[in-house]
Amino acid sequence: MLNVTTFLDANACRLDKPVYYNIDSDQRYTSRDILGIISQLGRILIDEGIEKGDRVLIYLNNSPEYLFSLLALWRIGAVAIPTNRIYTIPELQYFIDDSDAKLIITDDKLDELDIPSYIISNLDEYKSAPILEVCNTNWDDLCQLQYTSGTTGKPKGAMLTHGNWFSAIQNETDVLQLDDTSVMFCIYPMAHVGISWLICALRRGALGITKNQYTFDEYLDIIFKNQVTHATGMPPVIHSIVSNPDKVGNKLYSVESIISGGGPLHKEIWKKFYKQYGIPILNAYGSSETIVIGTGTVIRPEDYAFADRFESVGHPVCFSEVKIVDTDNSNIQLDYNEDGEIALRGPSIAVGYWNKKEQSEEVFLDDGWFLTGDVGYLDEDNRLFITDRKKDMIIMSGWKIYPTEVEEILLKYDKVSEIAVFSLPHEHRGEIPVAAVIWKNEPDDDGLLNFAHEHLARYKIPRKIFTVDNLPRVNNWKLLRKDLKEKFS
């Protein structure tokens, strides 16, 4: 028997201190508070007809309600489908249809969707509710479908189990070296597996802090006022810290480490940050299919004596393995310093993609290895370096954008003849999505962007539109995005 929420039962017996603080509501919660809330919410969901194995969408802003809904679904053995509040109705409907979801937890009635809604209300009144016995789940029982796209543009639901999450929480707790005096500021969207950093703080009895939206100044103030010891970040955040030393001042005085993930951290920015502040960056590598670094790699503070190149994403975390294989034949393992596809193996690897057997078999191999689609190499000390991406995925400020998915939507605009979405480098965001368009008649940039705003989440919308007469292709077939990048960079 393994239900990943039982750490709350253990912590409620031994800790009488806040472990979660939401700045927006100015509410603090102990482990016992959280246990009472998710117990009562679990009862409500059962009354709504949710049974073990049923799929349920969560469609909320970053909030206590989001966190508690996720934990309540796990508690009763249901399968959570985290979605972001900025997703459009067509995007949500795809998740519903693909997963055969039974309910959506939200804060507003969604009549446009073909699914019943549970409108969540203030949960604080449930803090003292009787504890709900956990559902008898096992290591291999599903608890989450984490939707992630591929080069086909169709989102795939990575199937994550209670065992996957147990391993991820243990590994991240080990990496961070938290204790019950630690304070962690978690900035990642709760719809993303990056919520694992917050959950590992809860697991260890540290204080996890969240806020739905914030400015850079607020980010610094939150760290300073709450004496944050472990901060989550991403390359744009670290770039902002390096670029604004006057604003930063002494506001990072309490920080022992800061996490960077979700995209490549340029070595010059990393090097300047460490030189200015002396705070180790935990440069991490993982994916939705591995629950961040549940199975992945990371640079730790003790690595800094050997990390002066400021390029590596580190060594494997506990129980994880990494190897480099030929990009065309995964049976061929490459030697040190040879570029190839990065493969990971470990206990947090998803068990496949929901209802996508063929696509699962392509990347989840029989011997447990997962082919990440990223390209890199290992040095002689088994430190991993990322050099490229096998896929055309764009990462902007940690958001993953898949060109084919965006193209399929924008091609529906009646003035577009052909379109290619690709990335351009951006100093602050790492890279941004842009589009090259062949128009049927006259260019209509504004019309296309208005159409994009109606049908795409904001982060997927191209930041620039280039009008072209033709698109570079191999034999009039395969699009050469690399040529477009070189032309417009």
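Predicted, not measured: the structure shown is a model, and the values here were computed from it. As a basis for the values below, the full set of heavy atoms in this structure was taken, side chains included, without hydrogen atoms, waters or symmetry mates.
- Taking 4.5 Å as the limit, some side-chain heavy atom of N283 sits within range of a side-chain heavy atom of W270.
- Within the cation-pi definition used here (under 6.0 Å to the ring centroid, within 45° of the axis), K156 qualifies as a partner of Y353.
- Looking at W165 and T161, their side chains never come closer than 4.5 Å, going by heavy atoms from C-beta outward.
- Atom NZ of K251 has more than 12 heavy atoms from other residues, nucleotides or ligands within 6.0 Å.
- By the 4.0 Å N-to-carboxylate-O rule, D98 lies close enough to K356 to be salt-bridged with it.
- K127 forms a cation-pi arrangement with Y29, by the criterion of a distance under 6.0 Å to the ring centre and an angle within 45° of the ring axis.
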- Query: Would L45 and L103 count as a side-chain contact (heavy atoms from CB on, under 4.5 Å) if you check the C-alpha gap in whole Å, the side-chain angles of each, and the deciding distance to 0.1 Å?
  - Reply: CA-CA 9 Å; L45 292 170; L103 186 74; 3.9 Å; yes
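- One finds a salt bridge joining D107 and R85 here, because a Lys/Arg side-chain nitrogen approaches an Asp/Glu carboxylate oxygen to under 4.0 Å.
- Under the 3.5 Å distance criterion, with hydrogens and angles disregarded, no donor-acceptor pair is assigned to the side chains of D9 and T6.
- Side-chain contact between H192 and P82 is absent, with no heavy atoms from C-beta onward closer than 4.5 Å.
- For the residue pair D108/T106, the side-chain donor-acceptor check at 3.5 Å is not satisfied.
- Between F385 and R309, the closest side-chain pair of non-hydrogen atoms falls below 4.5 Å.
- In the displayed structure, E302 atom CD is contacted under 6.0 Å by more than 12 heavy atoms of other residues, nucleotides or ligands.
- For F166 and F7, the ring centers sit 6.0 Å or farther from each other.
- Side-chain contact of N3 with T5: a donor-acceptor pair under 3.5 Å is present, judged by distance alone.
- Other residues, nucleotides and ligands contribute more than 12 heavy atoms inside 6.0 Å of the OH atom of Y277.
- Side-chain atoms of F68 and S63, non-hydrogen and from C-beta on, never get closer than 4.5 Å to each other.
- In this structure, the side chains of Y253 and Q227 come closer than 4.5 Å at one or more pairs of heavy atoms.
- Salt bridge absent: R463 and E431 never bring a charged side-chain N and a carboxylate O closer than 4.0 Å.
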- Task: Give the C-alpha distance, both sets of side-chain angles, the deciding distance and a yes or no for side-chain hydrogen bond (donor to acceptor under 3.5 Å, both in side chains) between S69 and Y118.
- Result: CA-CA 11 Å; S69 295; Y118 170 64; over 6 Å; no
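- Residue I209 forms a side-chain contact (heavy atoms from CB on, under 4.5 Å) with just one option from L198, V183, I187, and that option is V183.
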- Stepwise side-chain hydrogen bond (donor to acceptor under 3.5 Å, both in side chains) test for R55 and S99: CA-CA 7 Å; R55 275 79 61 203; S99 66; 5.4 Å; no
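- Between K52 and I76, the closest side-chain pair of non-hydrogen atoms is not below 4.5 Å.
- Evaluation of the side chain to side chain contact (heavy atoms under 4.5 Å, CB included) rule for S348 yields S167, A168, T295 as partners, not counting sequence neighbours.
- T30 and D33 are linked by a side-chain donor-acceptor pair at a separation below 3.5 angstrom, with hydrogens and angles left out of the test.
- No more than 12 heavy atoms of other residues, nucleotides or ligands shown are found within 6.0 angstrom of CD on E133.
- Side chains of D374 and Y285: a donor on one and an acceptor on the other come within 3.5 Å.
- No more than 12 heavy atoms of other residues, nucleotides or ligands shown are found within 6.0 angstrom of CZ on R458.
- Ion pair R203/E172 not flagged as a salt bridge, since none of the NZ, NE, NH1 or NH2 atoms sits closer than 4.0 Å to an Asp/Glu carboxylate oxygen.
- Cation-pi check for K323 over W369 is met; the charged atom lies under 6.0 angstrom from the ring centroid and within 45 degrees of its normal.
- Y59 and S117 share no donor-acceptor pair across their side chains, judged by distance under 3.5 Å alone.
- Side-chain polar atoms of D97 and Q93 form a donor-acceptor pair below 3.5 angstrom.
- T372 places none of its side-chain heavy atoms less than 4.5 Å from the side chain of T290.
- Remark: D180 does not engage R204 in a salt bridge, criterion side-chain N to carboxylate O under 4.0 Å.
- Annotation: the span from I299 atom CD1 to F310 atom CZ amounts to 9.5 Å, rounded to 0.5 Å.
- With respect to D16 and R32, no salt bridge is recorded, no charged nitrogen being found less than 4.0 Å from a carboxylate O.
- Of the listed residues (I195, V193, I259), just one forms a side-chain contact (heavy atoms from CB on, under 4.5 Å) with Y188, and that residue is I259.
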